[in-house]
Amino acid sequence: MNTGTNMHDPWEPFFNEVEGDVKSLLREHGVEGTSLETPPPGMGDLALPCFQMAKKLRKSPQAIAVELGEKLGGKNYAVEVKGPYINFSYKREELLRNTLSALEMMGEDYGRLGRIGKRVIVEHTSANPNGPFHVGRARNPIIGDSLVRILRYAGWDVEAQYWVNDMGKQVMTLVWGVKNLSEEDLPPPERDKVDHIYVRYYQEASRRLEEEDVEERINHMLKEYEQALEDGDLKRHINHPKDKPTRAEEVKEIVEKVLGGMDSSLKRLGVVVDRYVYESQVVVDGTLREVISRLRESERSREEGGAYYLDFSDKPIHGKSKRFFFTRSDGSALYTTRDLAYHLWKLSRCDRAINILGEDHKLQSYYLREALKELGVEKLPEVVFYSFVSLPEGKMSTRKGRVVYLDDLMDEAVRKAKEEVEKRRKDLSEKEMDEIAHIVGIGALRYNIIKVQPEKKITFRWEDALNFDGFSAPFIQYSHARACSILRKAGEAPTPTVKFVERYQEEAELELVKSISLLPHAVYEAAKSARPHIIAQRAYEIARSFNEFYRDSPVLHAPGEIREARLALVLSVRWALSSALNMLGIVAPERM
RNA sequence: GGACUCGUAGCCUAGCCUGGACAGGGCACCAGCCUUCUAAGCUGGGGAUCCGGGGUUCGAAUCCCCGCGAGUCCGCCA
């Protein structure tokens, strides 16, 4: 269990020592393959079950546990044999010492691990720029952004990328709509925001797509646009008035406008994108052309009516999906082909690539992966798939008008948070209450998404989405604010230091230290396995143990040395909680 | 029809990859706690055929097989 985080992780000395000792002892006895596990609470911190060795050593597991247990013991751990189990406990003084030392060293950065010196690119959101975000896909930016933040804490150099689809029919449909429809053709926008204003053009244009000539016109525009891009001539006018912007310029302008509206929603959510990469880029810079010619040379490559595909009949996929078409019969590229070009570009710029995708992209992602292998790429992207958020009445659908927009959800969350603040804090100014309402409302929203595993489907219910109690962001934020309040009243708090090792004797204090001590390891795990909900859990546990400590151990009214040590502990809680919340993109308020 | 994912108390969820000691939480419900640092809190309580059936194993929520239910995909769309 080498976490590679050395002095940042208080648990490492314990894990390393126990693991090392157990391994060599088992080797002496010629029994391998038994591994340490986490025992139930109250039974220590690591456990070694002895059932497996029973057959080989021809003794009862209980006898083996006793025998082996006697030979174990170390600087960091104590051993206790319980039936067929050997339990290892991290010695309190060592746990305290190592935790306090990490806190002392890291300060408010507690939870951050050492720099790895490697680069990871996280691609998330990448929603089509044709209208506002709806809740169905809201998991994407939340999972992606949290992962970005966690990876940064874990020591990676991270870049968050948004792959913008500025090609293809959906975009051209929007462009056609903007050019050909007028305000009278459209219902009033649901809100005064660019993406909401423009989505109406897209929706109406999509409806008219049923009409033959509209479809033809859009296809024509698309071809013209693609041709200009492929020729690398964005200034070229083809069948297009000379005194107007070119098609390419038009597309760019409209896409950027809509994207601007979408981006403001992301900003409000606290999501930060470092770089927008446009699909058209891979066409203009020639990467796409190169990918196509390399794919055509592949042994899997087949041709049918001028269209090219890779043949995956030998792979465990069936029916039509055995064939991955990468060009149309007119030679133009398809979406996944452009994605492939993007991935070549991306993978050459990082040590690790993570994509956040909706589960509907699984097959496409499989093609991408296999095609990359076909091109001789060894470093493949890791993919986090998430299931959709649906409504109790069914799947969200823009066309059927059965959607909850992210903007509305954020409004509602903030509104409800405002109500709650007003109930409790009559002393605050309107401005302060609004700030807190925003922090709490948005925090609750993000937390409710991130706390569950991405592959679970979510049915959207307002009462769940706006839950502010228990396992929720406000609970954690509240604990943080409580800690801040104590520190504020104390005026000054001593920095946690190993000198306080002896001063934490009460159960609630020890539990709290232990809870805090587990944060760095949680960061390591969450970053390694790309599972942000691990941090959500840890944050909750820390807040919970702090609330228990709060009940049992008075801080401000405690006598001299104890007060000092407890204040240092409260400061540690503040650091740990604000780090954890920060990793989830949730603001840690000083008061609420 | 095939492939992938999910199925844990009234509801939501952790644990599943790497099988082990009584399946952790939360919401809702019931009973308590504001003369002490913010009650968005704390304490206690009831509530679980871990979807069903087989198998592997000393041991299965966890691994394998067969079902059932839900979601997603199976386009020269994105």
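Proteins come first, then strands; the chains are lettered A, B, ... in the order of their sequence lines, and each starts at number 1.
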Specify the separation, in whole Å, of atom [atom1] of [X] and atom [atom2] of [N].
{"X": "A/Asn219", "N": "B/C76", "atom1": "CG", "atom2": "P", "value": "15 Å"}
{"X": "A/Tyr367", "N": "B/C76", "atom1": "OH", "atom2": "P", "value": "9 Å"}
{"X": "A/Phe385", "N": "B/C73", "atom1": "CZ", "atom2": "C1'", "value": "11 Å"}
{"X": "A/Leu288", "N": "B/A78", "atom1": "CG", "atom2": "P", "value": "12 Å"}

Please check if the number of heavy atoms outside [X] that lie under 6.0 Å from its [atom1] is greater than 12.
{"X": "A/Arg296", "atom1": "CZ", "answer": "no"}
{"X": "A/Lys315", "atom1": "NZ", "answer": "yes"}
{"X": "A/Lys418", "atom1": "NZ", "answer": "yes"}

Classify [X] by what it touches in the nucleic acid, base, sugar-phosphate, or nothing, heavy-atom distance under 4.0 Å.
{"X": "A/Val440", "answer": "base"}
{"X": "A/Tyr550", "answer": "base"}
{"X": "A/Lys395", "answer": "sugar-phosphate"}
{"X": "A/Thr38", "answer": "nothing"}
{"X": "A/Asp339", "answer": "nothing"}
{"X": "A/Met167", "answer": "sugar-phosphate"}
{"X": "A/Val452", "answer": "sugar-phosphate"}
{"X": "A/Glu304", "answer": "base"}
{"X": "A/Pro84", "answer": "nothing"}
{"X": "A/Val421", "answer": "base"}
{"X": "A/Lys451", "answer": "nothing"}
{"X": "A/Arg338", "answer": "sugar-phosphate"}
{"X": "A/Glu463", "answer": "nothing"}
{"X": "A/Phe475", "answer": "sugar-phosphate"}

Out of [options], which has the shortest distance to the side chain of [X]?
{"X": "A/Lys362", "options": "B/C37, B/C4, B/C58", "answer": "B/C4"}
{"X": "A/Lys456", "options": "B/G25, B/C58, B/U13", "answer": "B/U13"}
{"X": "A/Glu548", "options": "B/C74, B/G25, B/C42", "answer": "B/C42"}
{"X": "A/Leu334", "options": "B/C42, B/A21, B/C77", "answer": "B/C77"}
{"X": "A/Ser329", "options": "B/C4, B/G7, B/C76", "answer": "B/C76"}
{"X": "A/Leu363", "options": "B/A78, B/C74, B/A40", "answer": "B/C74"}
{"X": "A/Asn467", "options": "B/C27, B/A78, B/G15", "answer": "B/C27"}
{"X": "A/Glu420", "options": "B/A40, B/G25, B/C77", "answer": "B/A40"}
{"X": "A/Phe471", "options": "B/G26, B/U43, B/A40", "answer": "B/G26"}

Exercise. Distance between the P atoms of B/G25 and B/A48, in whole angstroms?
Worked result: 15 Å
Problem set entry | Rounded distance in Å between the C1' positions of B/C50 and B/U62 | 10 Å
Exercise. Among residues 483-490 of chain A, which residues get a heavy atom nearer than 4.0 Å to RNA chain B?
Worked result: A/Ser485, A/Ile486, A/Lys489
[X] to [Y] six-membered ring, cation-pi geometry met (6.0 Å, 45°):
{"X": "A/Lys416", "Y": "A/Phe468", "answer": "yes"}
{"X": "A/Lys457", "Y": "A/Phe388", "answer": "no"}
{"X": "A/Arg482", "Y": "A/Tyr550", "answer": "yes"}
{"X": "A/Arg302", "Y": "A/Tyr309", "answer": "no"}

For this session: Assess the side chains of A/Ser472 and A/Asn467: does a donor N or O sit below 3.5 Å from an acceptor N or O?
Result: no
I'd like to know if [X] reaches the base of [N] with its side chain such that a donor and an acceptor end up less than 3.5 angstrom apart.
{"X": "A/Lys457", "N": "B/A70", "value": "yes"}
{"X": "A/Ser387", "N": "B/C6", "value": "no"}
{"X": "A/Asn87", "N": "B/A21", "value": "yes"}

Please determine, for [N], whether a Watson-Crick or G-U wobble partner exists with both distances under 3.5 Å, and give it or none.
{"N": "B/A40", "value": "none"}
{"N": "B/G1", "value": "B/C74"}
{"N": "B/C17", "value": "none"}
{"N": "B/C6", "value": "B/G69"}

Exercise. How long is the span from the CE atom in A/Met172 to the CG atom in A/Leu222, to the nearest 0.5 Å?
Worked result: 5.0 Å
For this session: Using only side-chain N and O atoms of A/Arg482, determine if any of them is under 4.0 Å from OP1 or OP2 of B/A39.
Result: yes
For this session: Show the numbers, then the answer: is there a side-chain contact (heavy atoms from CB on, under 4.5 Å) between A/Phe88 and A/Ile86?
Result: CA-CA 7 Å; A/Phe88 304 87; A/Ile86 304 173; 3.8 Å; yes
Exercise. Which heavy atom in A/Phe549 sits nearest to a heavy atom in A/Ala508, and how many Å separate them?
Worked result: CA-CB, 3.8 Å
Exercise. Start at the 5' end of RNA chain B and walk down; is the nucleotide closest to A/His557 or to A/Lys82 reached first?
Worked result: A/Lys82
Exercise. How do A/Asp330 and A/Gln453 order along RNA chain B: which one's closest nucleotide is nearer the 5' end?
Worked result: A/Gln453
